[in-house]
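When reading the values below, keep in mind they use all heavy atoms of this one structure, side chains included, and skip hydrogens, waters and symmetry mates. Chain A is the first sequence line, chain B the second, and so forth, proteins listed ahead of strands; every chain is numbered from 1.
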Amino acid sequence: MIDIRAARNDPDAWRAALARKGATEAFDALLDADRDWLALVPLVDELRSRTKLKGRPTPEQIEELKAVKAELGRAEEELAAAAGRRDELLALVPNPPEPAVPGGGEDDAVELRRVGERPTFPFEPRDHLELARIDMERGARLSGSRFAYRMGGFALAELALYRFALDHVAARGFTPVIPPVLVREAAMYGTGFLPTDEVNIYSLERDELYLTGTSEVALAALHMGEIIERADLPLRYAGYSTCFRREAGAAGKDTRGMFRVHQFDKVEMFVFCPPERSPQEHELLLAVEEEIVRELGIPYRVVDIAAGDLGAAAARKYDIEAWFPSQGRYREITSTSNTTDFQARRLEARFRSERGIQPLHTLNGTAATARALLSVLENFQDEDGVVHVPEVLQRHGAPATISARA
RNA sequence: GGCGGGGUGGCCGAGCGGUCGAAAGCAGCGGUCUUGAAAACCGCAAGGCGCUCGAAAGGCGUCUCGUGGGUUCGAAUCCCACCCCCGCCGCCA
């Protein structure tokens with residue numbers, strides 16, 4: 001959630017920033033609700049103070065107390081209603097983008113750089129379904145569309161990728177974590193996926209649990225409700241988990257293969273740090289992501305995501321897009337966001353500083369998903385449909401070659 | 001699934017109708033001592049919200065002892081519901 005006091009004190013600047021995410025309506029509604037609430041607080045406080053007496057009251061005082069309490073009851077009801085409206089809107093207003101974020105929407109990401117040589121093939125490049133044992137038909141028979149059986153050398157290569165990514169980030173000071181993937185509502189709300197992204201979340205109503213779409217949820221909630229000592233910061237984690245996404249609204253998009261599936265695995269980095277440090281940590285996350293992609297040898301580019309495409313929690317986001325020869329374009333394989341204090345406020349994840357207790361900043365970034373491996377398949381294929389697996393993955397247990405037969 | 005125990009400040013833990021936002025200890029911060037440190041000793045320290053109090057440090061009001069409701073002039077303490085954690089037994093991987 002946003003810092004309502006800061007917004008109250010400088011509404012025009014906040015409105016202008018939020019306009020870039022198309023959220024002025026929610027913001028103005030919030031300011032109204034906040035004003036209503038704010039007007040009631042001193043009233044209720046005053047009535048409450050009149051109900052407080054030292055020692056045993058006289059019978060006359062008791063009569064008077066009863067009158068005050070009746071009035072207080074009505075005022076408290078009003079206050080609770082106002083607080084309810086205010087909190088509801090507070091949950092809906094997104095994190096404003098940083099000033100440096102490019103304007104516009106999905107198509108307005110700004111390319112920051114291109115790295116690596118794109119391969120040229122004297123043949124028609126195959127896509128991942130033709131290069132590895134990935135069985136979508138039987139996956140669909142088992143579980144529906146967008147589910148894959150990953151088999152043979154590809155399965156081993158996937159595990160090698162995750163192990164490589166974990167080893168790499170561990171060497172960079174991130175603590176490896178295997179987190180729960182079923183979480184309570186508080187964690188989904190605290191990370192900002194609820195209420196905004198509800199349609200994309202699998203829920204187990206009978207048990208009141210949600211399946212996480214990324215280990216970001218479990219990692220962010222790791223310090224929910226805690227007050228961290230400044231000396232212990234920054235805290236850097238890397239979660240390995242299966243991720244579940246309903247992909248509502250993606251109908252007809254990326255329907256071939258396992259490019260976009262309901263269930264996939266991911267190594268995700270997550271950082272808690274003091275506010276002044278978060279831009280620097282964001283650069284670190286991007287740097288680590290690039291290191292991994294470069295070690296794999298995939299040609300890629302880095303894009304700075306535009307304000308309108310940021311999502312509720314992110315104030316800034318960089319994606320790495322890998323080259324996919326069969327599609328003839330760059331596609332997202334990692335994403336790193338600075339969510340500033342937006343998640344930390346909701347989660348009540350705070351730290352003790354010289355200036356008192358204040359919300360932390362949180363950041364997340366993809367270390368590796370199977371999508372990176374799909375790009376590896378396509379970029380390292382030969383004319384016979386055989387993929388020559390990068391050495392770094394072989395070191396972590398992948399076979400030297402992968403094909404549709406093995 | 002059955003039975004039982006319990007949720008109090010950063011941590012541990014006492015309190016079981018008013019004098020309690022709350023003892024003691026640990027960790028933290030400040031100081032004394034010391035060449036320096038440790039030890040010892042003294043002291044300071046919960047969080048949220050609000051304020052046409054204050055330049056600030058701070059001050060004042062209010063809420064919070066898992067959450068919500070109730071009893072009472074008055075609730076951390078009594079009653080009800082819910083949530084969560086732990087233990088034992090049963091069943092299962």
Side-chain angles (χ1 to χ4, degrees), chain A residues 1-11 30-91 93 178-190 194 203-210 212 217-218 220-235 242 272-275 341-360:
Chain A
M1 69 178 77
I2 64 166
D3 181 349
I4 182 67
R5 259 189 288 190
R8 203 188 276 157
N9 291 333
D10 194 5
L30 171 62
L31 285 187
D32 283 346
D34 182 56
R35 209 171 293 123
D36 292 346
W37 172 81
L38 212 48
L40 288 166
V41 169
L43 247 66
V44 170
D45 277 2
E46 211 275 323
L47 287 172
R48 277 173 177 158
S49 76
R50 280 166 60 192
T51 66
K52 300 206 178 255
L53 296 176
K54 293 273 180 208
R56 231 169 261 280
T58 63
E60 304 83 70
Q61 282 178 313
I62 290 175
E63 282 313 302
E64 197 192 321
L65 277 174
K66 281 184 176 162
V68 174
K69 286 203 128 185
E71 198 184 335
L72 176 62
R74 286 191 295 273
E76 281 185 327
E77 256 176 61
E78 272 185 69
L79 180 69
R85 277 196 302 278
R86 174 182 180 266
D87 291 348
E88 220 169 276
L89 289 161
L90 206 44
V93 174
I178 301 175
V181 296
L182 281 172
V183 303
R184 296 215 177 101
E185 186 184 14
M188 280 297 185
Y189 173 81
L194 282 179
S203 71
L204 282 73
E205 282 180 30
R206 190 174 163 189
D207 298 288
E208 291 184 76
L209 290 169
Y210 297 89
T212 53
V217 176
L222 188 56
H223 295 297
M224 177 162 58
E226 295 184 16
I227 297 173
I228 312 263
E229 295 303 326
R230 171 157 215 146
D232 296 329
L233 296 172
L235 290 165
T242 302
F272 297 87
C273 71
D341 60 0
F342 188 82
Q343 291 179 329
R345 272 182 201 283
R346 291 178 168 224
L347 290 162
E348 291 179 70
R350 297 169 294 170
F351 77 108
R352 206 184 293 280
S353 76
E354 303 74 29
R355 292 185 300 284
I357 287 161
Q358 50 176 314
L360 289 155

Taking for each residue the nucleotide of RNA chain B with the nearest heavy atom, is it A/Ile4 or A/Glu229 whose nucleotide lies nearer the 5' end? A/Glu229
Distance, P atom - from B/A46 to B/C20, rounded to whole angstrom: 16 Å
Return the value, rounded to whole Å, for the distance between atom CD of A/Glu226 and atom P of B/A27. 21 Å
What's the CZ-P distance between A/Arg48 and B/C60, to the nearest Å? 19 Å
Closest nucleotide of RNA chain B for A/Arg352 versus for A/Glu208: which of these residues is on the 5' side? A/Arg352
Dot-bracket line, read 5' to 3' along RNA chain B, where crossing pairs take [ ] and | marks a partner on another strand, Watson-Crick or G-U under 3.5 Å: ((((((((.[[...)..(......]].(((((.......))))).((((((.(....))))))).[[[[[..)....]]]]])))))))....
Calculate the interatomic distance between A/Met224 atom CE and B/G47 atom P; express it in whole Å. 21 Å
Integer angstrom distance from the P of B/C11 to that of B/G17: 27 Å
Rounding to a whole Å, what distance do you find between A/Leu90:CG and B/G48:P? 16 Å
Answer with base, sugar-phosphate or nothing: what part of the nucleic acid does A/Ile228 contact at a heavy-atom distance below 4.0 Å? nothing
If the C1' atom of B/G6 is compared with that of B/C16, how far apart are they to the nearest Å? 15 Å
Considering residues, nucleotides and ligands other than A/Glu226, do more than 12 of their heavy atoms fall under 6.0 Å from its CD? yes
For the C1' atoms, the ones on B/G48 and on B/C42, what distance do you get once it is rounded to whole angstrom? 32 Å
Please list residues of residues 34-47 of chain A whose heavy atoms come under 4.0 Å from any atom in RNA chain B, ordered by number; otherwise none. A/Trp37, A/Leu38, A/Val41, A/Asp45
Please give, in whole Å, the distance from B/C83 P to A/Asp207 CG? 13 Å
Determine yes or no for a side-chain-to-main-chain donor-acceptor pair under 3.5 angstrom, with A/Thr212 supplying the side chain and A/Val181 the backbone. yes
Rounded to the nearest angstrom, tell me the gap between atom CD in A/Gln358 and atom C1' in B/G47. 15 Å
Under 3.5 Å donor-acceptor, A/Arg346 side chain and A/Ala91 backbone: yes
Without decimals, in angstroms, what is the distance between A/Glu185 CD and B/U67 P? 17 Å
With a non-hydrogen cut-off below 4.0 angstrom, is A/Arg184 in contact with a base, only sugar-phosphate, or nothing? sugar-phosphate
Which residues in residues 73-83 of chain A have a heavy atom closer than 4.0 Å to any atom of RNA chain B? none
It should be established whether A/Arg8 places a side-chain nitrogen or oxygen under 4.0 Å from OP1 or OP2 of nucleotide B/G50. yes
Does the side chain of A/Arg5 get closer than 4.0 angstrom to OP1 or OP2 of B/G50 through an N or O atom? yes
